[in-house]
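Start at 1 with the first residue, then count along the sequence.
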Amino acid sequence: MTEHVTTHQAEEDARNEQILIWLNGRPVPKAEAVVSVYDSGFMLGDGVWEGLRLYDGCWAFLDEHLDRLFEAAKAIDLDIGLDREGVKNALFETQKANGMTTDAHARLMVTRGPKVRPFQHPSLSQSGPTVAIIMEHSKPSIPRPIRLATVPHVRGLPMSQDPKLNSHSKLNCILACIAAEKAGADEGLMLDVNGFVNTTNACNFFIVRKGEVWTSTGDYCMNGITRQKVIDLCRDNGIPVFERNYSLVDTYGADEAFLTGTFGAQTPVGEIDGRMIGTGQMGPMTERLRGLYKDLVARECA
């Protein structure tokens, strides 16, 4: 069996040891980018985040990412402490401080901030939010198609923890990833509360059947920006695409499968629950969508 890989596997880059991290108003050396153990993000996972990717000097689909960030912050009643321009300026300042021009990934995180006592109530966070931007030189390096294993952990109902919320509370997804690794796979394929195929623990999920692209209804998955771009690209290029309920039987019989996410864009899937998907390699539809997405990014950044 080939070694385990992840959907966020990147080339090693020694420059990342010297990066500056934006923390509460200024870039600081990596070793100094620390927060209190009383921080609500550390203590309770109380915060939201965004992942962004830098292509040739351009943060792809930045406005959509900021829309999602501010919508999530509003949903959990969190004041980021910066307006949109302030967040953009922080991102650009971090980029400039690190001299990054392309092949970089940023994780922008906002928590409710330090608490005065180590308990749950949000009113105990009284000194304002913690805002951090980790920006690394990061070029995807995934040596083979991803292997998935279906896991017992599901993407839940909106009244428990809305799966559309990009929150710091990721334990459910982490447990799904652990279960998949224990089964010898790279990532967990998660079903929805009705037993239909939904998403993986870290990415959105698509299959291809007889020239058609299928993904979940979207009711129980992260409202992925790359996911939506793929759906839009299909519609704009005459590729039949369906947001629908479908089962593991449909999935095992697919001609292709792939994942979508900001980091890896479109990542091919070669095996699910020990069953080879198609040829086990990247299929022609996945390859075509990769090309269309690359062109879309180029237009966005022109």
Spell out, as yes or no, whether a donor-acceptor pair under 3.5 Å connects the side chain of [X] to the backbone of [Y].
{"X": "D250", "Y": "S247", "result": "yes"}
{"X": "N24", "Y": "V131", "result": "yes"}
{"X": "H65", "Y": "G51", "result": "yes"}
{"X": "D103", "Y": "K139", "result": "no"}
{"X": "W49", "Y": "S167", "result": "yes"}
{"X": "D255", "Y": "K210", "result": "yes"}
{"X": "Q161", "Y": "P158", "result": "no"}
{"X": "R53", "Y": "T262", "result": "no"}
{"X": "N201", "Y": "G188", "result": "yes"}

If you measure only the distance, is there a donor-acceptor pair under 3.5 Å linking the side chains of [X] and [Y]?
{"X": "Q9", "Y": "S141", "answer": "no"}
{"X": "D39", "Y": "T130", "answer": "yes"}
{"X": "H105", "Y": "E136", "answer": "no"}
{"X": "T200", "Y": "E187", "answer": "yes"}

Is the [atom1] atom of [X] crowded by more than 12 outside heavy atoms at less than 6.0 Å?
{"X": "R26", "atom1": "CZ", "value": "no"}
{"X": "K30", "atom1": "NZ", "value": "yes"}
{"X": "Y55", "atom1": "OH", "value": "yes"}
{"X": "E12", "atom1": "CD", "value": "no"}
{"X": "E300", "atom1": "CD", "value": "yes"}

Mind checking the [atom1]-[atom2] spacing from [X] to [Y]? Nearest 0.5 Å is all I need.
{"X": "N89", "Y": "L82", "atom1": "CG", "atom2": "CG", "result": "9.0 Å"}
{"X": "I19", "Y": "T94", "atom1": "CD1", "atom2": "OG1", "result": "10.0 Å"}
{"X": "R288", "Y": "C234", "atom1": "CZ", "atom2": "SG", "result": "8.5 Å"}

Which word best sums up how the rings of F263 and H8 line up, parallel for under 30°, tilted for 30 to 60°, or perpendicular for over 60°?
tilted
The residue among H4, E271, E181 that forms side-chain contact (heavy atoms from CB on, under 4.5 Å) with D186 is H4
[Y]/[X] salt bridge by N-O under 4.0 Å criterion:
{"X": "K88", "Y": "D83", "value": "no"}
{"X": "R155", "Y": "D219", "value": "no"}
{"X": "K164", "Y": "D162", "value": "no"}

For F258, the option from F206, Y293, F205 that meets ring pair (Phe, Tyr, Trp, His ring centres under 6.0 Å):
F206
Might you work through the side-chain contact (heavy atoms from CB on, under 4.5 Å) test for R68 and I225, ending with a clear yes or no?
CA-CA 9 Å; R68 190 169 67 179; I225 291 167; 4.0 Å; yes
Could you go step by step and tell me if T286 and Q266 meet the side chain to side chain donor-acceptor pair (under 3.5 Å) rule?
CA-CA 7 Å; T286 307; Q266 296 80 37; over 6 Å; no
Which pairs count as salt bridge (charged side-chain N to carboxylate O under 4.0 Å, His left out) when at least one residue sits in residues 222-248, sequence neighbours excluded?
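Found E64-K229, R227-E243, R235-E243.
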Both conditions, 6.0 Å and 45 degrees, for the charged tip of R275 above the ring of Y252: are they met here?
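Positive - R275 is close enough to the ring of Y252 and near enough to its axis.
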Give the C-alpha distance, both sets of side-chain angles, the deciding distance and a yes or no for side-chain contact (heavy atoms from CB on, under 4.5 Å) between N245 and D192.
CA-CA 10 Å; N245 288 323; D192 68 22; 4.2 Å; yes
After noting the C-alpha distance and the side-chain angles of D273 and T150, does the key distance pass the side chain to side chain donor-acceptor pair (under 3.5 Å) rule?
CA-CA 6 Å; D273 295 334; T150 306; 2.6 Å; yes
side-chain contact (heavy atoms from CB on, under 4.5 Å) between L23 and I133: does it pass, once the steps are laid out?
CA-CA 7 Å; L23 182 62; I133 304 173; over 6 Å; no
Out of curiosity, does L54 fall in the hydrophobic cluster containing L108 (side-chain heavy atoms, cut-off under 4.5 Å, transitive links)?
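Yes.
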Taking all atoms of both residues into account, what is the closest heavy-atom pair of I80 and P129, and its distance?
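Smallest interatomic distance, heavy atoms only, reads O-CG, 3.2 Å.
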Let me know which of R112, H168, K115 forms a side chain to side chain donor-acceptor pair (under 3.5 Å) with D46.
R112
